[in-house]
Amino acid sequence: MATTNEYTPSTTTGRLANFVDSRVGASGMVKEFGRKVFPDHWSFMFGEVALYTFVLLLLSGTFLTFFFDPSMTHVTYNGSYVPLKGIGMSAAMASTMDISFDVRGGLFMRQVHHWSALLFVASLSVHMLRVFFTGAFRRPRELNWVVGGVLLIMGLAAGFTGYSLPDDLLSGNGLRIIDGVMKALPIVGTYLSMFFFGGEFPGVHVIPRLYSLHIMIVPAVIILLLVIHLFMVVTHKHTQYPGPGRTNDNVVGFPVGPVYAAKAGGFFFIVFGIVAFISGLFQINPIWNYGPYDPSPVSAGTQPDWYIGFVDGALRLMPGYLGNFSFEWIIPFPWGDNTLVLSVLLPALVPAGALFMVMFAWPWIERWVTKDNREHHLLDRPRNAPFRTAMGAAGVVFYSVMWAAASSDLIATHFHVALNDVAYWLRILFFLGPIFAFWITRRICLSLQRKDREIVLHGREAGIIQMSPEGGFSEKHEEVDVYKRFLLTSYNDNKYIPAQPDAAGHVSGTEKRRAALSKFFFEDRVAPVTPSELEAAHAAHGHHEVEGEKQDSIEK
Amino acid sequence: MKALSKKRRHPLAAVALLLFGLLVTGSLYTAAGSVSEAKAADTTSASVTDVEEGQKLFVANCATCHGMSAEGTADGPSLIGVGAAAVDFQVGTGRMPMQMQGPQAQAKPAQFDDDQISQLSAYVASLGAGPAIPDEEALDASKGDAAHGGTVFRVNCAMCHNAAAGGGALTRGKFAPTLAGVSEKHIYEAMATGPQNMPVFNDSNITPDEKRDVITFLKTIEANGSAGGAALGNLGPVAEGLFVWTAGLGIIIAFTIWLTSRPS
C-alpha cells in the first residue's frame, strides 16, 4: 500500500518532518494524544503545579550540584560573609555559603530550589485533598491514588534529605531528632543509627549518603512514579465535575492540541515566574544565620520545613510522663537491659503511620462500606458525600493540630500566651479536634444538601415580596432552570446497607462491622429529589404545603 | 456676624464645633503637660548627690515591691548587691518599674531620664558590690570579632534568643525577647546581670572581650540586613511554610482560576 501511494512533501521542512515521522511514527501519537480531551476546572491544576515545580527543582538542583561539595571534611570558612569568617565548618556548609555569597546567582538559585520544594509538597498535598474530597480515587483510579500517596512520601523524603545537606545548625538539629527516633527503637535502634551515620552521630558519612539519596535515588523514584501516574491519568481519562451533558462515559472539555498544549505550556512559565518572583524577594533558609552544625547548641525556633512539621509537632505534644507513669521503659533481656522509649517512638511513628495507612486504604474502605464497585468518572460535590467530606475534615484537623504544635513556641510568643497552655490545648485538640471536625462537617454537608433540596422543590428566593389581596405577605420563588436542577438532583446517593447474609445464610462478623460502619456513615442522609416529589411540588404550587408533606423524605 | 449665624444650621456645624472643642482641649492639655514636665526637669538638676537623689526616687517608685531599703519583699527581690548594671538595664529598658505583675517584666518606653537612671543606679550600687555599668571601651562594637562572637552566641544564647537573635518562647508565658535594636550597653548589662529568666554570664564564663564580640556579632548581623530578600521575621521554617501556603498558593490559585475562566 505504502509503495503505491508514497507521500512526497514538496518543501525541505516537510521532507525532514516526513523523514522523521516515517521512522518513529510520531504523527500517530500526536494525533491520538493531541485529541485527548481534558475537562477545565481550576481545582484540576494542582497536580500540574506539582509537576512544574518538580521540573524547576531538577533545573535549579542541577545548577546547585555544580558548586556544592557533599563532604563533611573540616574546613575553615574564608568566604565573603564576615560573621562566619575563620570559623571551622564542614565542606558542605562552606560550599553552601559560597553558593550563597560568592557564586553569581547562587543565592537566587538556592532560594528557587528551596521555595519550589515547599511549593512542590504543598501543591501535591492540595492536589491529593482535591482528589479525596471529590471522590476521584474511586474505581478505576484506586491504584493511581496509591501511586500519588507514594509520590507524596517520596516528596517528603526528597525534602528532608535536601534540608539536611547544607550541614547547618538548623538541619543538624533535625538530623539529631532522626538519630533520636532511630535510637528509640528497641534492640536494633543503636545499630540502625550507627549504620546510618557510619558511627556515632554526627560522624563524617551522613552528608554524602544523604546526597546520593537526594540527587539520585529519590528523584529517580519520583520520576518513575510520575510517569506511571501520568500514564494512568491518560489511560483512565480525567474525571469531571457533574453538569449538563457530562456523563460517566464522556469527557466534556478541550483537546490537548492546541488548547491544553498552550494553556499548560503557558502555566509552566507562570509557575516558574511565581517561584522566581518569590525567590527574588523573600529569603529562605538563611544558613548563615544558623551557623555551622555543632552538636552542642540547639537554637530556639528550630523547626523542620513545613511538610515534616506534623511529626515534629507530635513529638512536642507527647509528654514524657503522665502523672507518675513514665513512657520510658526498661526491658530486661537475657543479654542486658534494653530501653523502649515510647515518648519518642509513639509520636514519631504512630500518628504519621496511621494517617498514611488510612489514606492509602481509604478507596478500599469506602468500597467495602458502600458496596459500590462501579466505575466513577463523575466527581462528587463534597456536600453530596457527607461521610467522606467529614472523614477528610477530621484527617485535616488531626494533621493540622500536630502541624500547629510544631510552631507552639511561635504561637506562644506571637499571641502572648503561655507555651505550656498551647501544649495543653493542642493535646486536648489532638483527641477531640477530629471528632468535632467530623461531626460539624457532616452537619454542614447535610444542611447544604437540604438547602439544595429546597431550591429544587420550590425554587430560588427571588427577593420579591408580594402582598395578597387579604393583606398577607409572601416571598416569590423562582424556579431553577433545568441545568441547575440536573446538577442539584443527580448525585451518587449512598444509603445505609444493613448486614447481608452470605450464600449459606450466615451473617459474618466482618459483615456486621461493615453494616455498623455503614449505619454510622449513612444513617443521616438527605435523599436527592425524585421526579415524583418534584411533580408534587409543582402541582401543589405553594411551597408551604410541600415542606409539610414531604418532610419525611428527608430521613432524620 | 450675620454670615456666621446663617451657617449655624449648616449640617456640618456640629462637626466643626466638635473639632474646634477637641482642638482647644488638646492644645491646653499639651501646654499644661509641658509645663509640669519642665518643672520635673528643674527638680532633678537641683540634686545634691546622686545617691541621695537616687534613694528618694527609689523610695517613691520602687520601694513598694523592693522594700524601703531595697531589702526585698514578697512581691520583689532584694536589690542589695545586684549592682549598678542591673538597675541601668531594668530601668533603662523600661522593664522597671513594672507595669503589672506577670510572668516577666516587659520592655516599654523608659519611665526615667538618663540622670534619674544613673542616680537610681548609684543608690543601688551603694548598697552592696555588684556588676558596674560597662565603660565605652567594653562596648565598642568596632573592636570586637564578629565571627568569634557568633560562636559564643550560638553556644550560650541561641537556645533562647534564636540563632538569628529573633527571640523565642520559654515556659509558662515567659520569653526571650528579640535582640534587634537593643543598645550595646543593655546587651552587655543583660549578660552581666541576668535579668528576668536569663542566666548570669559572669566574666569568668564569658569574658568582657567575648561579651564585646557578641555585641559585635549582633550589631553586624543587624547592619547586614537579610541577604536574599525579606527575612519574614527571622523565624525560620514556620514563617516560610506559612508564606508558601498563603501567598505562594494564593497567587497560584489566582492564576489557575484565571486560566480556566471562560464565558460559559
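Lettering of chains follows the sequences in order, A, B, ..., and the numbering in each one begins at 1.
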Spell out, as yes or no, whether a donor-acceptor pair under 3.5 Å connects the side chain of [X] to the backbone of [Y].
{"X": "B/T260", "Y": "A/H41", "answer": "no"}
{"X": "A/K263", "Y": "B/L259", "answer": "yes"}
{"X": "A/Q111", "Y": "B/G228", "answer": "yes"}

Counting heavy-atom pairs closer than 4.5 Å to chain A, which one of B/G233, B/G149, B/P103, B/A158 comes out on top?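 That would be B/A158.
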
Out of B/M159, B/H148, B/H161, return the one with the most heavy atom pairs under 4.5 angstrom to chain A.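 Sorted descending by pairs with chain A, the first entry is B/M159.
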
Please determine, among [options], the option with the most heavy-atom pairs under 4.5 Å with chain B.
{"options": "A/F108, A/Y307, A/F267", "answer": "A/F267"}
{"options": "A/A300, A/P304, A/A418", "answer": "A/A300"}
{"options": "A/D305, A/D421, A/I274, A/V417", "answer": "A/I274"}

Answer with side chain, backbone, both or neither: which region of [X] has an atom nearer than 4.5 Å to a non-hydrogen atom of chain B?
{"X": "A/Q303", "value": "both"}
{"X": "A/H414", "value": "side chain"}
{"X": "A/L281", "value": "backbone"}
{"X": "A/I284", "value": "both"}
{"X": "A/S125", "value": "side chain"}
{"X": "A/L84", "value": "both"}
{"X": "A/D40", "value": "both"}
{"X": "A/V49", "value": "side chain"}
{"X": "A/L170", "value": "side chain"}
{"X": "A/F44", "value": "neither"}
{"X": "A/Y77", "value": "neither"}

Validation row: [X], [Y] side chains within 4.5 angstrom (heavy atoms):
{"X": "B/R154", "Y": "A/P292", "value": "yes"}
{"X": "A/W306", "Y": "B/V238", "value": "no"}
{"X": "B/I252", "Y": "A/L119", "value": "yes"}
{"X": "A/W115", "Y": "B/E240", "value": "yes"}
{"X": "B/I253", "Y": "A/W42", "value": "yes"}
{"X": "A/P83", "Y": "B/N224", "value": "yes"}
{"X": "A/I270", "Y": "B/W258", "value": "yes"}

With a 6.0 Å cut-off (strictly less than), is the heavy-atom count around [atom1] of [X], excluding the residue itself, greater than 12?
{"X": "B/E71", "atom1": "CD", "answer": "yes"}
{"X": "A/K484", "atom1": "NZ", "answer": "no"}
{"X": "B/D114", "atom1": "CG", "answer": "no"}

Side chain, backbone, both or neither: which part of [X] has a heavy atom under 4.5 Å from chain A?
{"X": "B/N234", "answer": "side chain"}
{"X": "B/S226", "answer": "both"}
{"X": "B/L170", "answer": "backbone"}
{"X": "B/T151", "answer": "side chain"}

Going from CG on B/N162 to OG1 on A/T302, what distance comes out if it is rounded to the nearest 0.5 angstrom?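 These two atoms lie 7.5 Å from each other.
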
To the nearest 0.5 Å, what is the distance between CE (A/M45) and CZ (B/F255)?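 Answer for the CE-CZ pair, A/M45 versus B/F255, is 11.0 Å.
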
Could you report the tightest heavy-atom contact between [X] and [Y], atom names first, then the distance?
{"X": "A/Q283", "Y": "B/G229", "result": "CB-O, 3.6 Å"}
{"X": "A/L118", "Y": "B/G241", "result": "CD1-N, 4.3 Å"}
{"X": "B/A227", "Y": "A/W288", "result": "O-CZ2, 3.6 Å"}
{"X": "B/A169", "Y": "A/D409", "result": "CB-O, 3.4 Å"}
{"X": "A/Y424", "Y": "B/R172", "result": "OH-NH2, 3.5 Å"}
{"X": "A/A122", "Y": "B/L249", "result": "CB-CD1, 4.2 Å"}

What orientation do B/W245 and A/W403 show, parallel under 30°, tilted 30 to 60°, or perpendicular over 60°?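 Plane angle over 60°, so perpendicular.
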
